[in-house]
Amino acid sequence: MEPSLHQLIGDFVSSDSSRQVSLAALVRARIPSMPVRLDVLDLGCGGGRSQDFFRQLRPEAEWTGVDVESSPEVDARRRSDGRFVTFDGIHLPFEDGSFDLVYSNQVLEHVRHPEALLAEVRRVLRPNGRFLGSTSHLEPYHSLSYTCFSPWGFTVLLRGAGLKPLRLHPGIDGLTLILRRLLGRPRFMSRYFRVESPLNTLLEWTGRLGRRSVAERNLSKLQYCGQFRFEAEVASGDATTGAPGDGA
């Protein structure tokens, strides 16, 4: 029998709240438990906007942005008030255990070799460090994107890189993202990146009427999400063994 999504990723789905989660809210919730002097790496920093966000949360944080030499977002960068580093898209030019937090906002779908890059994320994280980010599932092509990840497939990649998945959170739903693209990205639809999107609202209320648990409602949203947020940490043991059950 085909395994259900609940069987595959149920351990990584929140049972506390079924609200659509923004990456900013996720970071705000996790920052208080992190070191006072925080070393942050923005993986795929683009224009460098996240440094303002982290300075507001932790003024003493050491922020580093890393990105490829050229991309639409990098080419549009005009600021020079942060530490910007260039890399080849795979090998991060930092020593082992350099960062407490690696942050990645809608970047991994633009990466040609995600497995290799995730292994690098694991390498540069400190033992108690966190990997917080967002990536695409059912999102149309955009800005040189290579691929999209199913929530299950992404947990397999994380574990294969020596990272332990902690939580997956639903973001904007896929149908709304597709409709937004068809309509030419109208400004009013951008609010659904921050608040519950239409299909997520429908899934929430049908789940409540069906007396489905919080985790079950989150699973429904993850199945149809356009984007999802993730939390991971460095796994204990050998990082090269991969995820259990990944073989044939």
Side-chain angles (χ1 to χ4, degrees), residues 5-6 8-10 12-30 42-47 49-50 53 71-73 102-111 114 131-155 157-158 165-209 212-232:
L5 192 60
H6 185 278
L8 293 172
I9 64 170
F12 313 129
V13 177
S14 174
S15 59
D16 298 328
S17 171
S18 60
R19 294 179 59 188
Q20 178 179 317
V21 175
S22 70
L23 180 55
L26 183 59
V27 173
R28 289 191 188 99
R30 300 297 174 258
D42 184 341
L43 177 62
C45 63
R49 289 189 304 171
S50 78
F53 174 61
S71 71
E73 292 74 21
V102 175
Y103 167 92
S104 178
N105 186 16
Q106 291 302 132
V107 170
L108 293 170
E109 66 272 19
H110 304 282
V111 172
F131 183 30
L132 301 180
S134 178
T135 191
S136 296
H137 178 206
L138 302 175
E139 181 168 15
Y141 166 84
H142 60 287
S143 189
L144 304 179
S145 59
Y146 281 100
T147 190
C148 290
F149 304 93
S150 73
W152 156 241
F154 191 69
T155 66
L157 293 181
L158 287 173
L166 297 175
R167 286 287 181 270
L168 300 177
H169 306 269
I172 186 171
D173 70 76
L175 184 59
T176 297
L177 270 185
I178 293 168
L179 183 60
R180 176 176 176 265
R181 181 61 56 87
L182 286 172
L183 295 177
R185 300 180 181 179
R187 183 175 299 179
F188 80 91
M189 294 191 75
S190 295
R191 61 181 172 174
Y192 295 126
F193 290 101
R194 302 182 301 274
V195 301
E196 205 79 2
S197 59
L199 182 56
N200 279 344
T201 300
L202 177 62
L203 292 171
E204 177 69 23
W205 284 107
T206 55
R208 286 176 180 265
L209 289 172
R212 303 183 71 188
S213 69
V214 168
E216 288 172 328
R217 299 199 298 270
N218 276 325
L219 280 164
S220 293
K221 294 177 184 180
L222 283 167
Q223 187 167 2
Y224 301 106
C225 67
Q227 300 174 355
F228 60 92
R229 325 306 178 200
F230 58 85
E231 304 178 66

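Numbering starts at 1 and runs along the sequence shown.
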Taking atom CZ of Arg19 as the centre, does the number of heavy atoms from other residues, nucleotides or ligands within less than 6.0 Å exceed 12? no
Non-hydrogen atoms of Val214 and Ser17 that approach each other most closely: CG1-C, 3.4 Å
Distance from Ser134 atom OG to Gln227 atom CD, nearest 0.5 Å? 5.0 Å
Determine the minimum heavy-atom distance between Leu203 and Thr206, stating which atoms define it. O-OG1, 3.2 Å
Name all residues meeting the ring pair (Phe, Tyr, Trp, His ring centres under 6.0 Å) criterion together with Phe131; count only those two or more places apart in sequence or in a different chain, and write none if there are none. Phe230
Flag side-chain contact, heavy atom, 4.5 Å: Asp173 against Pro198: yes
Side chains of Phe193 and Gln106: closer than 4.5 Å at any heavy-atom pair? no
Heavy-atom distance under 4.5 Å between the side chains of Glu204 and Lys221, does that happen here? yes
Can you tell me how far NE2 of His169 sits from CG of Asp16, rounded to the nearest 0.5 angstrom? 9.0 Å
Does Leu26 offer a backbone N or O that forms a donor-acceptor pair with the side chain of Arg229 under 3.5 Å? no
For Arg181 versus Pro140, what's the shortest heavy-atom pair and its separation? NH1-CB, 4.1 Å
Taking all heavy atoms of Pro114 and all of Phe149, pick out the closest pair and write down the distance. CB-CZ, 4.1 Å
Without swapping roles, check the side chain of Arg194 against the backbone of Ser22 for a donor-acceptor pair under 3.5 Å. no
Quick one: are Phe12 and Pro151 in side-chain contact, heavy atoms under 4.5 Å? no
Rounded distance [0.5 Å steps], OG1 in Thr135 versus CG in Leu168: 11.5 Å
I need the Leu175 CG to Ser197 OG distance, nearest 0.5 Å. 9.0 Å
Gap between atom CG of Leu177 and atom CD of Glu139 - 0.5 Å precision: 5.0 Å
Return the set of residues passing ring pair (Phe, Tyr, Trp, His ring centres under 6.0 Å) with His142 (not counting sequence neighbours), or none when no residue passes. His110
Do other residues, nucleotides or ligands put more than 12 heavy atoms under 6.0 Å from the CZ atom of Arg49? no
Could you tell me how the ring of Phe228 sits relative to the ring of His137: parallel (under 30°), tilted (30 to 60°) or perpendicular (over 60°)? perpendicular
Shortest non-hydrogen separation from Gln20 to Val195 and the atoms involved: NE2-O, 3.0 Å
Cut-off 3.5 Å, side chains only: do Ser18 and Arg208 have a donor facing an acceptor? no
Does OH belonging to Tyr224 count more than 12 external heavy atoms closer than 6.0 Å? no
Any donor-acceptor pair under 3.5 Å from Asn200 side chain to Gly171 backbone: yes
d(Arg180 CZ, Phe188 CZ) to nearest 0.5 Å is 10.5 Å
If you look at every heavy atom in Leu43 and Val107, which pair is closest and at what distance? O-CG2, 3.3 Å
